[in-house]
Q: 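First the structure, which I've put down as structure tokens, then a few questions once you've had a look.
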Amino acid sequence: MANQDTIKLLKECNAGAKMAVTSIDEVLESIKSDSLKKILVDSKKAHEDWGDKTHVLLSEYHDEEKEPNPIAKVMSWLKVNVKLMQNECDAEVADLITDGCNMGIKSLCKYMNKYKEADQESISVAKQLVTLEERLAVELRHFL
């Protein structure tokens with residue numbers, strides 16, 4: 001049986017991975033560059049894989065996934081759609097996704113600090129998600 005910090009951290013990782021997939025889906029149709037599209041499709045797949053991994057771990061602990069905060073989802077959707085209506089270009093997409101990466105990194109680090117009693121496996125998952133976000137933000141710099 002996992003302690004509550006482990007479960008809470010895994011739930012936040014799961015919600016964050018889902019939020020990343022949703023955000024990437026929102027911008028894919030606006031992308032003109034094949035190389036940017038490939039980066040984001042690959043990142044979406046990686047986030048889906050991490051979402052699946054956290055789902056499996058939560059199931060093993062007889063717990064459920066966490067959906068992203070509905071208010072955060074609506075705010076993200078609004079920001080993406082308003083910005084892309086004003087300027088639908090790859091630089092804007094890269095800027096939006098980079099902001100999302102930074103918010104994900106900040107959130108995951110906050111939760112790792114908050115849930116100090118989480119087990120090593122869930123901490124490792126969170127750290128690997130942070131690394132995924134950091135790599136994506138670096139890859140997107142070329143398009144800013």
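From a predicted model like this one, the values you see are computed outputs, not experimental measurements.
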Q: Between Thr6 and Asn3, do the side chains contain a donor N or O and an acceptor N or O under 3.5 Å apart?
A: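 A pair is found: one side chain offers a donor N or O, the other an acceptor, under 3.5 Å apart.
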
Q: Rounded to the nearest 0.5 Å, how far does CG of Leu57 lie from NZ of Lys53?
A: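 It comes to 5.0 Å.
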
Q: Is a side-chain donor or acceptor of Thr54 paired with a backbone partner of Gly51 at a separation under 3.5 angstrom?
A: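 Checking the backbone N and O of Gly51 against the side chain of Thr54, a donor-acceptor pair under 3.5 Å is found.
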
Q: Do Val93 and Phe143 have side chains that get closer than 4.5 Å, going by heavy atoms?
A: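 With C-beta onward as the side chain, the pair stays apart.
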
Q: Under 3.5 Å, side chain of Asp90 to main-chain N/O of Lys32, donor-acceptor pair present?
A: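 Such a contact is found between Asp90 side chain and Lys32 backbone.
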
Q: Answer yes or no: is there an ion pair linking Asp34 with Lys38, defined by an N-O contact shorter than 4.0 Å?
A: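 Judged by the 4.0 Å cut-off on N to carboxylate O distance, Asp34 and Lys38 do not form a salt bridge.
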
Q: Heavy atoms only: give me the nearest Ala118-Leu9 pair and the separation to one decimal.
A: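 Looking at all heavy atoms of both residues, the closest pair is CB-CD2, 3.8 Å.
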
Q: List the atom of Glu133, the atom of Cys101, and the distance in Å for their closest heavy-atom pair.
A: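 Reported closest heavy-atom pair: OE1-CA, 3.2 Å.
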
Q: Give the minimum heavy-atom separation between Ala17 and His47, together with the two atoms involved.
A: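 Closest heavy-atom pair between Ala17 and His47: CB-O, 3.5 Å.
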
Q: In the structure I gave you, are the side-chain heavy atoms of Lys8 and Tyr111 within less than 4.5 Å of one another anywhere?
A: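 SC-SC contact between Lys8 and Tyr111 ruled out.
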
Q: If I take atom NZ from residue Lys37 and atom CD1 from residue Ile24, how far apart are they, to the nearest 0.5 angstrom?
A: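 That separation rounds to 13.0 Å.
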
Q: I'd like to know if the side chain of Ser23 reaches the main chain of Met19, judged simply by a donor and an acceptor atom lying under 3.5 Å from each other, with no hydrogens or angles considered.
A: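 Present.
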
Q: Do Asn113 side-chain atoms and Cys109 backbone N/O form a donor-acceptor pair below 3.5 Å?
A: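 Side chain of Asn113 to backbone of Cys109: a pair is present.
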
Q: With rounding to the nearest 0.5 angstrom, report the OH to SG distance, Tyr115 to Cys13.
A: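 Separation between the atoms: 10.5 Å.
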
Q: About how many Å separate OG1 of Thr98 and CG of Leu140, when rounded to the nearest 0.5 Å?
A: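 Rounded to the nearest 0.5 Å, the CG-OG1 separation comes out at 4.5 Å.
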
Q: Between Ser43 and Ile39 (side chain of the first, backbone of the second, donor and acceptor by atom type, cut-off under 3.5 Å), is there such a pair?
A: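 Judged by distance alone, no pair lies under 3.5 Å.
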
Q: Closest heavy-atom contact between Ile123 and Met112?
A: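 Closest approach of Ile123 to Met112, heavy atoms only: O-SD, 4.1 Å.
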
Q: Would you indicate whether the side-chain heavy atoms of Glu92 and Val27 approach each other to under 4.5 Å?
A: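 They are not in contact (no side-chain heavy atoms under 4.5 Å apart), so the answer is no.
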
Q: Between OG of Ser30 and CG of Leu36, what distance do you get to the nearest 0.5 Å?
A: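 Output value for this atom pair is 10.5 Å.
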
Q: Should Asp49 and Lys45 count as side-chain neighbours, where that means a heavy-atom distance under 4.5 Å?
A: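 Yes, side chains in contact.
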
Q: How far apart are the closest heavy atoms of Lys116 and Asp5, and which atoms are they?
A: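 Heavy atoms only, the tightest pair is N-OD2, 3.5 Å.
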
Q: In the single-linkage hydrophobic clustering (I, L, V, M, F, W, Y; side-chain heavy atoms under 4.5 Å), do Val130 and Val138 co-cluster?
A: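 Unlinked, Val130 and Val138 end up in two clusters.
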
Q: Indicate whether the side chain of Glu26 and that of Thr22 have a donor and an acceptor atom separated by less than 3.5 Å.
A: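 Checked: Glu26/Thr22 side chains show no N/O donor-acceptor pair below 3.5 Å.
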
Q: Rounded to the nearest 0.5 Å, what separation is found between the CG atom of Leu58 and the NZ atom of Lys11?
A: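 These two atoms lie 7.0 Å from each other.
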
